[in-house]
Amino acid sequence: MSSLSPPAKKLWWNEPIHKSELLWISLVFVWGMVMTFMMPYWHVVGKQNLGTETYGTTPKAFQAATQAFVDQYDTGRTEGPKNFPVVAPPEGGDVYLMARLWDWWPIVELKKGATYRFHLSSLDWQHGFSLQPANINVQVVPNYEHVFSLTPNAAGEFSVICNEYCGIGHHLMIGKILVVD
Amino acid sequence: MSNNIFRTCPDTGLKFHGPAETLMKVNAVAAVVFLLVGGFYGLLVGLTRWQAVHLLEASDFYMVLTLHGINVLIFWMIFFEIAVLYFCSSVLLGCRLATPKWAWVGFALMVIGAVMNNVIVLQGSSSVMMTSYVPMEAHPLFYLSLILFAVGALIGCFVFFGTLVIAKAEKTYEGSVPLVTFGAITAAVIAVFTIVSGAIVLLPTFLWSVGLVGEIDVLAYRLIWWAFGHSSQQINVAAHVSVWYAIVAILFGAKPLSEKVSRTAFLMYILFLQLASVHHLLVDPGVSSNFKMFNTSYAMYLAVMASMVHGLTVPGSMEAAQRARGHTAGLFTWLRKAPWGNPTFSGMFISLVGFGFLGGITGVVMGAEQINILVHNTLYVPGHFHATVVLGSTMAFMALTYWLVPILFRREIVMKGLAKWQPYIFGLGMSGVALFLMGAGTLGVPRRHWDIGFAGTGGMTHEFPAAAYTMLALNGLSVILAVAGGAAFCVIIVGSLLFGKKLGDQPMAEPCIVAPVTDEEYNANGGSAYAIPGTIVLAMIFFASFALYYFINWKYLAETWGIG
Amino acid sequence: MSDQDETNSGDVPMMQKLLDNPFLLLFLGVASPAVLYLAWGIMEIVTIPAR
């Protein structure tokens, strides 16, 4: 009987499984185990594991924290058409990056090879932190402060573009992270 | 309308219950209408992404992208699936449909919701994308329209379950339900979870939009919305896998290699497929890595294993049936001698290969917790789901429709020459869309983005590699091809309904269902119902591609910045 | 599962009974993601500490 009719054998559960099918099932089961293993394994040996440390916050509080960060480590230089401050935190320090309609604020200057604690949040809608061309993508939401670390492995100018749709100016939202040797 | 009118199809011998038949027809027709509408919007999206053409203005682009997503991902799919559910219960079990009146209420709600949604988005104040992430706000009627549609679909699911109860009580079949019906049960179970999640998230959001609720938690919204948004696509998977089984049974008389294995695979879907909703939260704050790893693996990849099992048993049962009917030579004669000019077959096979190679592999790879960092919200994501939902589900549903129109509407398919080519045109175009979007995504191009040239930013830009622009141009060309294929489908189907030669009560000249292969046929000449060497070879090629692509992506990941 | 011969009579195996019961499947199919995905996820979100 075909798949359009009830099974010919009423007790079909007791039918044996043919070895060609069993072979495939075993293979894909083992493959599933390999893939299951890979994620925790990468947490141990890999260098790319996005932290999930998170705090509840408010747009106001996060803006104040970002402002304090900018005031403390301002280089005096500015970048871009809106003259955003370039901020250079010390190696291993904290970095506050604020997403709002339609900016990433401020511009950050990092040292290659140093590790920084990033704090990300949004003042309004959801945004997408997309660091190019390193291609690191993190969701940014309001009311929550996401803390994770980044370690640049190359010097140069990197773009932060927004890859979560955030209204009519979404495609204008761009910021920079500068990495120096 | 009497509730006990049956007709026996002269071609298939299937028993059609009058009210069920009408409901299948209206749901299928509504589905095709929304496919046409949504496909047209897709054309506009593709031509805008092509930077040299850049057809629409930004505000229109975001509006049209919202419409494209909702019309094809939700409306076309669910209308068609309701028709499939009624077919798999009422027709395959030879049973009257439970409460046709309620089924009509459900249908009416779905139509009202779908039309209302299109109207409200077209007014311009609800360009919030299908995801409508809070706190971005749409018009209250936007949420209400989706709620109405969802309630209608939920009623359809319960009509399906009710029909199963009646069939069992009235003993219209013996033993267990057919495998295809079991697949439909899987789809309906996932649909119930999907719709309930949708209600949990959209009701408060609706109340918030009219000012009755203060604030919606952003992370909770994302979590629950994806239980709706991703699971709705898992209904499609379960449904199109059932359609694959149905088509190999129809065209080859194939019986499943093992009822036990195929049904257990569907059970893995029921238990674990929906956990994949977390694929969208892998780079979210607030939820732990343990939560992410467990759910993204569908509980240790058991649902992936299920898909790979279906991917073996569907072509495997076809191979065994073809061999039993004389195509025994070599490894692949069974495949070469398949009816490649019959759109029901070619569509189903393109769906199988496209879903597996392009959709399945990429979905699992980017669903690894860490690899997702490279992919989240890039064009890779739409590339992936154009392979699963369009090349997989839509193509399979089109294939089934070619078979269903003569049976259900008693009309011949018109423009048979075009119909022969349609799956290839659509399949080639959509494979291009999937590949080029994924290619652009690999280069970091964001999804839902009007201008990757950053022309309006006043000087601060990012230069994507030239290859990204080439990918988007090739995507535009592929979209044109795919839309031509999709339009051909709509023209053929609507043309057949209106102008196809009436078939009446006489059987067609060419039989449209093959008698099931018997045990004697399987076992003749030293063959068996399990002779599938060709399929095993294909499966091994698939496995090798999967493993290779999987580890290549870990290598890519290792090359980027340290993230902790 | 069982060593009984494959006649059409006799006890239906447990697993077959489960697979033949759409409402039990409906319960499992809703309960599994509701617990493993929704409830677990919500639990983590509500326990996020405030700054």
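Because the structure is a prediction, the values reported are computed rather than measured. A, B, ... follow the sequence lines: proteins, then strands. Residue 1 opens every chain.
In the model, Thr296(B) has no side-chain atom that pairs as donor or acceptor with a side-chain atom of Glu369(B) under 3.5 Å. A donor-acceptor pair shorter than 3.5 Å can be found between the side chains of Ser393(B) and His240(B). Between the side chains of Thr205(B) and Tyr221(B), not a single donor N or O lies within less than 3.5 Å of an accepting N or O.
How far OH of Tyr133(B) is from CH2 of Trp225(B): 7.0 Å, rounded to the nearest 0.5 Å. Distance OG1/Thr264(B) to CG/Leu271(B): 10.5 Å, rounded to 0.5 Å.
For His310(B) and Tyr269(B), the distance between ring centers is under 6.0 angstrom.
At a 4.5 Å heavy-atom cutoff, Leu273(B) makes no contact with chain C through either its backbone or its side chain. The contact between Leu275(B) and chain C is made by backbone and side chain atoms together, counting heavy-atom distances below 4.5 Å. At a 4.5 Å heavy-atom cutoff, Asp284(B) makes no contact with chain C through either its backbone or its side chain. Heavy atoms closer than 4.5 Å to chain C are found in both the backbone and the side chain of Leu223(B). Only the side chain of Phe23(C) comes within contact range of chain B, with at least one heavy atom under 4.5 Å from a heavy atom of that chain. With a 4.5 Å cut-off on non-hydrogen atoms, Lys168(B) touches chain C through its side chain but not through its backbone. For Phe294(B), the part lying under 4.5 angstrom from a heavy atom of chain C is the side chain only. Contacts between Thr194(B) and chain C at a heavy-atom distance below 4.5 Å are absent for every atom of the residue. For a residue to count as touching a neighbouring chain, one of its non-hydrogen atoms must lie under 4.5 Å from one of that chain's; by this rule Val165(B) touches chain C with the side chain only. Contacts of Leu25(C) with chain B are made by both backbone and side-chain atoms, with heavy-atom separations under 4.5 Å.
Among Thr186(B), Ile200(B), Asp217(B), Ile224(B), the residue with the largest count of heavy-atom pairs under 4.5 Å with chain C is Ile224(B).
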Exercise for the section: For side-chain hydrogen bond (donor to acceptor under 3.5 Å, both in side chains), just list the numbers for Gln274(B) and Ser32(C), CA-CA rounded to whole Å, side-chain angles, deciding distance to a tenth of an Å, and then say yes or no. Expected result: CA-CA 9 Å; Gln274(B) 304 152 81; Ser32(C) 161; over 6 Å; no
Per-pair distances, 0.1 Å, donor-acceptor, side chain in residues 176-184 of chain B, under 3.5 Å, sequence neighbours excluded:
residue	atom	partner	partner atom	Å
Ser176(B)	OG	Trp12(A)	NE1	2.7
Ser176(B)	OG	Asp20(C)	OD1	3.0
Ser176(B)	OG	Asp20(C)	OD2	3.0
Thr181(B)	OG1	Cys88(B)	O	2.9

